[in-house]
Asker: 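Here you go, one structure.
Read the numbers this way: they start at 1 and go in the same order the structure lists the ligands and their atoms. Computed from heavy atoms alone, side chains included, the values below leave out hydrogens, waters and symmetry copies. Keep in mind the model is a prediction, meaning the values are calculated, not measured.
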Amino acid sequence: MVDPHGDLGGHDCWIPLDSRAASTPDFVLTRTPDSSRFMNSTTESPSDAIATVRVIPGGPVCGSIRPPGSKSLTNRALLMAAFGRGTSQLEGALVSEDTHVMTDSLRKIGVEIESHDAGRTLVVTGVQSAPESDSPYDLYIANSGTTVRFLTAALSALGGNYVLSGVPRMHERPIGDLVDALSPVVDGRIEAVSEGGCPPVHIQTAGWAKHELSVAGSVSSQYLSGLMMAAPLASRRSNQPVTIRVVGELVSRPYVEMTADAMQVFGASVELQWPAAAQDDVLVQISGDYDAIGWSIEPDASAASYFWAAAAISGGDVTVNGLSRAATQGDVAFVDVLEMMGCQIEEGEDSIRVIATNLPGGQLRGVDVDMNAISDTVQTLAMVALFANSPTRVRGVAHNRFKETDRIGDLASELRKLGATIQEHDDGMTIHPLSEPAVSDESPVRLDTYHDHRMAMSFSLAGLRLGGIEIENPACTGKTYPNYWSDLEQLIGRAHHWTAE
Ligand SMILES: O=C(O)C1=C[C@@H](OP(=O)(O)O)[C@@H](O)[C@H](O)C1
Ligand SMILES: C=C(OP(=O)(O)O)C(=O)O
């Protein structure tokens with residue numbers, strides 16, 4: 001028994017991940033040779049695939065971990081390096097489906113990307129002009145919102161002929177507001193062909209002909225981020241700064257600040273003007289171009305939320321390394337919500353530790369919280385809220401209905417299967433404490449994940465306290481975190497239970 005921090009007040013804690021010598025993960029996801037399915041390559045043969053996983057409940061989770069690189073930063077960095085001047089080196093990149101479809105698409109249109117250290121180091125040589133082709137480039141973007149929205153904007157500014165398509169759910173995820181922003185400015189045509197303005201997206205342009213745009217931001221901030229990152233490509237042609245006006249509400253503001261920060265790291269100049277009054281519009285002015293740089297990518301803060309929540313839910317003590325409150329990613333603010341619920345937060349120079357070992361009576365408090373800025377952590381919070389002593393109201397996340405799945409309606413359905421009382425609201429939900437669980441080792445419950453990585457990772461947290469939770473299609477974490485299950489096993493110090501199809 002190792003006490004990783006030395007002040008755990010008599011709680012039983014496991015050996016911290018960082019100090020466990022030569023531990024071998026029990027679960028490593030790899031694709032089957034035909035790429036059609038995932039399998040656990042430590043125990044399964046290529047013909048098997050994983051059907052469900054159960055996390056075995058136990059005591060407090062204590063230890064430390066460094067999640068893989070940020071998806072949002074990796075896909076921004078890839079895009080800017082791909083169209084920058086010279087060769088950039090990205091360290092600590094995320095290796096996952098969302099970043100794979102970005103690198104794959106960029107390579108397809110002629111961007112040279114060398115991969116080292118199993119994909120965590122990427123050397124990218126930028127291209128400056130539209131690729132030649134008689135027929136459109138077919139780019140597969142799976143269900144990656146960042147990839148389709150960032151590429152749509154950038155490729156329309158670069159010029160060329162492209163079709164971007166993905167999985168069926170991607171063809172239900174809106175991109176109409178971005179296409180409407182681009183249609184009046186492109187020299188050519190752009191169209192989202194599925195009902196309601198959803199991908200596939202068809203692009204055939206010779207770049208942008210104008211340098212003033214308006215975009216709506218109430219469905220996704222990725223439209224504005226995409227336009228901002230595309231602007232330097234358009235400025236090359238016009239030699240004029242680009243001005244973007246956001247009409248109406250803008251969701252997920254920290255991601256726009258992240259875009260501006262990252263663009264400045266790559267040498268572009270960005271002036272972001274936030275409205276002084278509610279009725280004013282957000283205004284962005286962009287000039288300059290992208291230089292080649294060396295950049296080290298932060299660990300993913302949305303992924304970190306699962307480990308911080310594991311401490312809160314289990315009365316444990318978890319340190320996430322590589323992130324501080326000064327991180328570029330807004331999702332580090334998830335620890336503020338845990339603090340409101342009663343957890344103690346300790347910030348190191350390059351780490352954030354969540355301590356829940358000294359909660360009075362082990363009790364978390366329910367909270368009333370606007371999560372518009374940190375909407376990827378709503379599912380994580382919902383799991384913590386089940387174990388609080390009063391209801392939790394989540395506000396400001398109507399846009400969560402447009403993500404990998406309807407993250408309000410579908411989340412409510414799955415929580416109800418566990419016996420929870422949930423009220424659904426237009427802009428969020430109320431989660432009542434789980435007083436009488438409808439799940440146990442004797443009466444297992446199978447939770448659907450809707451191909452949503454965050455559903456799967458969040459449900460694993462409920463499994464730390466409740467026996468019998470079977471999470472279907474655990475491989476869907478591959479969208480942003482292929483090694484989630486083995487990292488969790490190592491952190492909690494016990495193996496999960498797997499079933500094959
Ligand atoms: O810009 C980004 O990197 C992201 C923005 C957010 O999307 P919305 O702006 O659609 O909320 C977030 O949910 C997504 O995971 C990543
Ligand atoms: C919403 C998400 O991803 P995206 O919009 O980039 O597909 C997410 O990762 O939770």
Asker: Identify the closest protein heavy atom to atom 2 (C) of ligand 1: which residue and atom is it, and at what distance?
Answerer: Tyr255 CD2, 3.2 Å
Asker: Could you identify the single nearest non-hydrogen protein atom to atom 2 (C) of ligand 2 and state the distance to 0.1 Å?
Answerer: Glu404 OE2, 3.0 Å
Asker: With heavy-atom distances below 4.0 Å as the criterion, list the atoms of ligand 2 near Lys403.
Answerer: 1 (C)
Asker: With a cutoff of 4.0 Å, is Lys71 in contact with ligand 1, counting heavy atoms of the residue only?
Answerer: yes
Asker: Among protein heavy atoms, which lies nearest atom 9 (O) of ligand 2, and at what distance?
Answerer: Lys71 NZ, 2.7 Å
Asker: With a 4.0 Å cut-off, would you call Arg393 and Asp427 a salt bridge?
Answerer: yes
Asker: Among Ser96, Ser220, Gly145, whose heavy atom sits nearest atom 7 (O) of ligand 2?
Answerer: Gly145
Asker: Under 4.0 Å, heavy-atom basis, I'd like to know which part of Thr146 is in contact with ligand 2: side chain, backbone, both or neither.
Answerer: both
Asker: Have His451 and Thr405 got a donor and an acceptor in their side chains that come within less than 3.5 Å?
Answerer: no
Asker: State whether Lys417 and Glu472 are salt-bridged, where the test is any N-O pair (Lys NZ or Arg NE/NH1/NH2 against Asp/Glu carboxylate O) under 4.0 Å.
Answerer: no
Asker: Between Asp452 and Arg169, does any side-chain N to carboxylate O distance fall below 4.0 Å?
Answerer: no
Asker: Pick, from Lys403, Gln222, Arg149, the option with the minimum heavy-atom distance to atom 11 (O) of ligand 1.
Answerer: Lys403
Asker: With distance as the sole criterion, is a donor-acceptor pair present between the side chains of Ser105 and Tyr162 under 3.5 Å?
Answerer: no
Asker: At less than 4.0 angstrom from any non-hydrogen atom of Ser144, what atoms of ligand 2 do you find?
Answerer: 7 (O)
Asker: Does Arg407, backbone or side chain, put an N or O under 3.5 Å from an N or O of ligand 2?
Answerer: yes
Asker: Which atoms of ligand 2 sit under 4.0 Å from any heavy atom of His453?
Answerer: 8 (C), 9 (O), 10 (O)
Asker: For atom 10 (O) of ligand 2, what's the nearest protein heavy atom and its distance?
Answerer: Arg454 NE, 2.6 Å
Asker: Any side-chain donor-acceptor pair under 3.5 Å between Thr377 and Asp331?
Answerer: no
Asker: Among all protein heavy atoms, pick the one closest to atom 12 (C) of ligand 1 and tell me residue, atom and distance.
Answerer: Asp376 OD2, 3.4 Å
Asker: Under a 4.0 angstrom heavy-atom cut-off, which atoms of ligand 2 come close to Asn143?
Answerer: 7 (O)
Asker: Do Ser302 and Lys71 have side-chain N/O donor and acceptor atoms under 3.5 Å apart?
Answerer: no
Asker: Under 3.5 Å, N or O to N or O, is Lys479 touching ligand 2 that way?
Answerer: yes
Asker: Quick test: of every protein heavy atom, which one is nearest to atom 9 (O) of ligand 1, and how far off is it to 0.1 Å?
Answerer: Ser221 OG, 2.5 Å
Asker: Note the single closest protein heavy atom to atom 3 (O) of ligand 1, along with its residue, its atom name and the distance in Å.
Answerer: Ser72 OG, 2.6 Å
Asker: Examine Arg76 against ligand 1 and note whether any of their N/O atoms are separated by less than 3.5 Å.
Answerer: yes
Asker: So, Tyr306 and Arg454: side-chain donor and acceptor under 3.5 Å apart, yes or no?
Answerer: yes
Asker: Among Leu418, Leu461, Val445, which residue satisfies the side chain to side chain contact (heavy atoms under 4.5 Å, CB included) criterion with Ile469?
Answerer: Leu418
Asker: State whether Arg236 and Asp289 are salt-bridged, where the test is any N-O pair (Lys NZ or Arg NE/NH1/NH2 against Asp/Glu carboxylate O) under 4.0 Å.
Answerer: yes
Asker: In this structure, which one of Asp487, Asp300, Val95 forms a side chain to side chain contact (heavy atoms under 4.5 Å, CB included) with Tyr481?
Answerer: Asp487
Asker: State whether Glu97 and Lys479 are salt-bridged, where the test is any N-O pair (Lys NZ or Arg NE/NH1/NH2 against Asp/Glu carboxylate O) under 4.0 Å.
Answerer: no
Asker: Counting each atom of ligand 1 from 1 as listed, which ones have a heavy atom of His399 under 4.0 Å away?
Answerer: 11 (O)
Asker: Could you tell me the residue and atom name of the protein heavy atom closest to atom 5 (O) of ligand 2, and the distance to it rounded to 0.1 Å?
Answerer: Arg173 NH2, 2.8 Å
Asker: Just to confirm my output: which protein heavy-atom neighbour is closest to atom 10 (O) of ligand 1, and how far is it?
Answerer: Ser220 OG, 2.7 Å
Asker: Please check if any side-chain donor atom of Ser165 sits under 3.5 Å from a side-chain acceptor atom of Asp138, or the reverse.
Answerer: no
